[in-house]
Amino acid sequence: MTTWIITTSNQIAGLVAMADRLGSPVTIVGVGIDVLPAADRVLTVPLTEGLPAEAAAPAVCAAVEARPGDAVLVPDRAGERVLAGALAARLGAPVLTGVVAVADGLFEIDRFGGIARERIRTDRPAVLVLPGGAELPGEQAAEPFDESAEPFAARITAETSDAEAGTDLSSAKRIVAVGRGFRAEADLGLARDLAASLDAELACSRPVAEGVGWLPKDSYVGVSGQTVKPDLYVAVGVSGQLQHMAGVREARTIVAINNDEHAPIFAHADYGVVGDLYEVLPALVTALGRGRDRGRDMR
Amino acid sequence: MTIVVAYKWASNPQDASVDAEGVVDWSRAKPALSEYDPVAIQVGRELATAIGSELVGVSVGTAAVNGSMAKKAAMSRGFDRGLVLAEDESADWNRTRVAQALAGLVRRIDGVDLVLTGDASIDENAKLVSALLAGHLGWPCLQDVTGVERTDDGWSIVQAVPGGTRTIAIAGPAVLAIASDAAQVKVPGMKDILAAGRKTVEAVTAADLEPSSVELAVAGRSRPAARARRNRIVADAAELVSALRADGLL
Ligand SMILES: Cc1cc2nc3c(=O)[nH]c(=O)nc-3n(C[C@H](O)[C@H](O)[C@H](O)COP(=O)(O)OP(=O)(O)OC[C@H]3O[C@@H](n4cnc5c(N)ncnc54)[C@H](O)[C@@H]3O)c2cc1C
Ligand SMILES: Nc1ncnc2c1ncn2[C@@H]1O[C@H](COP(=O)(O)O)[C@@H](O)[C@H]1O
């Protein structure tokens, strides 16, 4: 049996950890990258100038000769999901997401944003889409996979780099998350003040990042955004839909500030303040400041 | 020339409940067009109008996807017609098989040169059906697409990537997953809803499509234990700060 990893970058610490758990020999297939972490076998599918990784799907399908019992691990990123889909369609294999455990050929997976869990068995190779994880150091040892497989006729004709990048929230100890309860972009200053007095990172719900674009696209938390596990998560003007809360399950303490006492967020919170954020946030900053001054006096 | 958009008739798991055995009860959740699919339909409509192409909707779902609610909801968004697989057993299919059935529907439509999907479905949230559908069709696929234009031999596509965008030229047909903010969605008006009633939605059965053997067995179910939360409502900011301090969090 073989565990396969398909990737376009070295941000695969999560996949390597899963491969360790599976215990089979590992083959890494790098697409457009030949400096890769060490493994039992390391292949590279080269990309000619201007070819997007997605266009190399035929070569990836040829390189990954997965058999029943094998697992194919793929990071949850746009390019790699496309490669996973092409491969799974060719193998007639299921693609699993939300994998929480693997034992004795059974995959335990979260379904529907984590409300239910299933144990899955398949007589095909299993394709697993997982969070890629941190970057690993690579070495130049990949063997080129040179079987001719015609790439799709696609070519990158232009690139822009303008989007502001968000912060990696996965190791943040404190987070202030803003939702659509804020009426205007300028009002986020209130949340920034709170984050500053708590020494916290700023995050948001998906519509704040993607709907109105007030914060960078990659700064939202949830099923399709980041998963966080801070000691303190303060959600302000966030309704607390399942798709958001799925990213906060592991937070130690959740605080909710919302003017609707029936907002779902309160059922997921340790502490709640039912009130208008435009009044609660300044009061909170003042209360925190007062405490800090007192602390200083005592020293 | 035909543009196809795959739409899903699905319920929000927010409104579902799960029993101690892990069985999901969807009876109180109302199915609807999956939240981001109207964005893909809108992009498809604008493109089809611009290049004079037909716009066809395809969907794989239970019998409800061929019901009048689902038909009106989808067709009022601007499709010319629909083709659906409406069978209750499809609720248990894994996504590789769902995508295979969608590919079967696309193959029954003449002259398709572009298939669009939404970003992610509200219940599965996998961002995978576009990729699997492309795999079954043997076509290229791109996700996070924010813009599409017709070129002489294919499509010019703008894709959001971390830190920016890139433009990609594809010759020939493709499957594109449309980003959730690619277009401002128009809410259908009375006229659109009335027009939707006159559009045809053809339904096929699994037997009409090629058989599938992509199997996956559910060996067990459970309800994950949620972390216990205190659910304590405090009076104001000062009380909140005291409580957090008492917990050693500040
Ligand atoms: C496939 C899919 C994937 C998704 N993935 C994610 C994801 O990863 N992350 C995510 O966050 N969302 C995700 N969503 C969206 C999610 O379903 C919700 O729509 C979203 O989380 C709601 O954002 P919100 O709470 O900011 O806004 P709303 O739901 O509009 O809530 C705003 C809240 O602010 C409160 N409020 C209003 N005014 C005030 C005030 N003055 N003071 C205090 N409170 C106030 C309101 O009572 C309300 O509760 C996804 C949706 C889909 C379909
Ligand atoms: N059963 C289905 N019928 C039609 N389209 C679907 C179906 N499932 C998923 N899709 C499409 O694929 C997109 C991504 O879904 P998913 O991979 O489940 O996140 C959705 O937004 C739809 O456009």
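Only heavy atoms go into these numbers, but all of them, side chains included; no hydrogens, no water, no symmetry mates. Proteins get letters first, then strands, A, B, ... in listed order; numbering begins at 1 in each.
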A:Leu106 versus chain B, the contacting section by heavy-atom distance below 4.5 Å: side chain
Engaged part of B:Ala160 at the chain A interface, taking heavy atoms whose separation is under 4.5 Å: side chain
For B:Ala219 against A:Arg121, the heavy-atom pair lying closest together: CB-NH2, 3.8 Å
Contact origin within B:Asn231 toward chain A - heavy atom pairs under 4.5 Å: both
Atom group of A:Ala78 that falls short of 4.5 Å from chain B, counting heavy atoms: both
Contact class of B:Asp123 relative to chain A, heavy atoms under 4.5 angstrom: both
Residues from residues 28-35 of chain B approaching chain A under 4.5 Å (heavy atoms): none
Proximal component of B:Trp139, with respect to chain A [non-hydrogen, under 4.5 Å]: backbone
Proximal component of B:Arg227, with respect to chain A [non-hydrogen, under 4.5 Å]: side chain
Considering all heavy atoms, the nearest B:Ser222-A:Glu108 contact: OG-OE2, 4.1 Å
Steps toward side chain to side chain contact (heavy atoms under 4.5 Å, CB included) verdict (B:Val98, B:Lys8): CA-CA 11 Å; B:Val98 167; B:Lys8 187 174 187 181; over 6 Å; no
A:Lys217 portion near chain B, given a 4.5 angstrom heavy-atom threshold: side chain
Which atoms of B:Ile157 approach chain A - backbone, side chain, both or neither, heavy atom under 4.5 Å: neither
Toward chain A, the part of B:Leu250 with a non-hydrogen atom under 4.5 Å: both
Engaged part of A:Pro264 at the chain B interface, taking heavy atoms whose separation is under 4.5 Å: side chain
Side-chain touch A:Arg124/A:Pro94, heavy atoms, less than 4.5 angstrom: yes
Parallel, tilted or perpendicular: ring planes of A:His244 versus A:Tyr233, cut at 30 and 60 degrees: tilted
Proximity breakdown for A:Leu96 and chain B, heavy-atom pairs closer than 4.5 Å: both
Under 4.5 Å from a heavy atom of chain A, the part of B:Ala243 involved: both
Heavy atoms from other residues, nucleotides or ligands near CZ of B:Arg229 exceed 12 (cutoff 6.0 Å): yes
Under 3.5 Å side-chain donor-acceptor pair for A:Thr8 and A:Arg77: no
Whether over 12 other heavy atoms sit under 6.0 Å from B:Glu149 CD: no
Portion of B:Gln14 that has a non-hydrogen atom of chain A nearer than 4.5 angstrom: both
Any donor-acceptor pair under 3.5 Å from A:Arg117 side chain to B:Pro224 backbone: no
Audit row: B:Val39, B:Asp119, side chain to side chain contact (heavy atoms under 4.5 Å, CB included) steps and yes/no: CA-CA 9 Å; B:Val39 183; B:Asp119 170 77; over 6 Å; no
Distance (rounded to the nearest 0.5 Å) between B:Ile178 CD1 and B:Ile41 CD1: 11.5 Å
Proximity breakdown for A:Val127 and chain B, heavy-atom pairs closer than 4.5 Å: neither
Derivation of the side chain to side chain contact (heavy atoms under 4.5 Å, CB included) call for A:Arg111 and A:Ile109: CA-CA 6 Å; A:Arg111 296 291 310 274; A:Ile109 59 170; 3.8 Å; yes
Side chain to side chain contact (heavy atoms under 4.5 Å, CB included) evaluation trace for B:Lys127 with A:Thr97: CA-CA 10 Å; B:Lys127 302 189 171 186; A:Thr97 59; over 6 Å; no
Point-to-point distance, once rounded to the nearest 0.5 Å, from CG of B:Asp25 to CD1 of A:Ile115: 10.0 Å
Whether over 12 other heavy atoms sit under 6.0 Å from A:Glu150 CD: no
For chain B, which residues of residues 247-255 of chain A have heavy atoms nearer than 4.5 angstrom: A:Val248, A:Arg249, A:Glu250, A:Ala251, A:Arg252, A:Thr253, A:Ile254, A:Val255
B:Leu176 backbone acceptor or donor facing B:Ser130 side chain under 3.5 Å: no
B:Gln100 side chain to B:Glu210 side chain, donor-acceptor N/O pair below 3.5 angstrom: yes
Backbone of B:Val214 reached by a side-chain donor or acceptor of B:Asn94 within 3.5 Å: yes
Heavy-atom proximity to chain A below 4.5 Å, by part of B:Arg95: side chain
B:Ala134, part contacting chain A, at a heavy-atom distance under 4.5 Å: neither
Among A:Ala153, A:Pro58, A:Ala86, residue most engaged with chain B (heavy-atom pairs, under 4.5 Å): A:Ala153
Distance in Å, A:Glu118 CD paired with A:Asp110 CG, rounded so as to fall on 0.5 Å steps: 10.0 Å
Portion of B:Ala171 that has a non-hydrogen atom of chain A nearer than 4.5 angstrom: both
Donor-acceptor contact below 3.5 Å, side chain B:Gln159 vs main chain B:Ile168: no
Heavy-atom proximity to chain B below 4.5 Å, by part of A:Asp231: both
Heavy-atom proximity to chain B below 4.5 Å, by part of A:Ala256: neither
Inter- and intrachain pairs under salt bridge (Lys or Arg N to Asp or Glu O under 4.0 Å), touching residues 258-268 of chain A, at least two apart: none
Contacting region of B:Leu249 [heavy-atom separation from chain A under 4.5 Å]: both
Neighbours of chain B found in residues 266-273 of chain A - heavy atoms under 4.5 Å: A:Phe266, A:Ala267, A:His268, A:Ala269, A:Asp270, A:Tyr271, A:Gly272, A:Val273
Exercise: identify the closest heavy-atom pair between B:Arg223 and B:Val18: NH1-O, 2.8 Å
Side-chain (B:Thr96) to main-chain (A:Ala93) donor-acceptor, under 3.5 angstrom: yes
Pairs of heavy atoms under 4.5 Å with chain B: top-ranked of A:Met245, A:Arg206, A:Glu279: A:Arg206
Heavy-atom pair of closest approach, residues B:Gly44 and B:Ile3: O-CD1, 4.4 Å
Engaged part of B:Trp93 at the chain A interface, taking heavy atoms whose separation is under 4.5 Å: neither
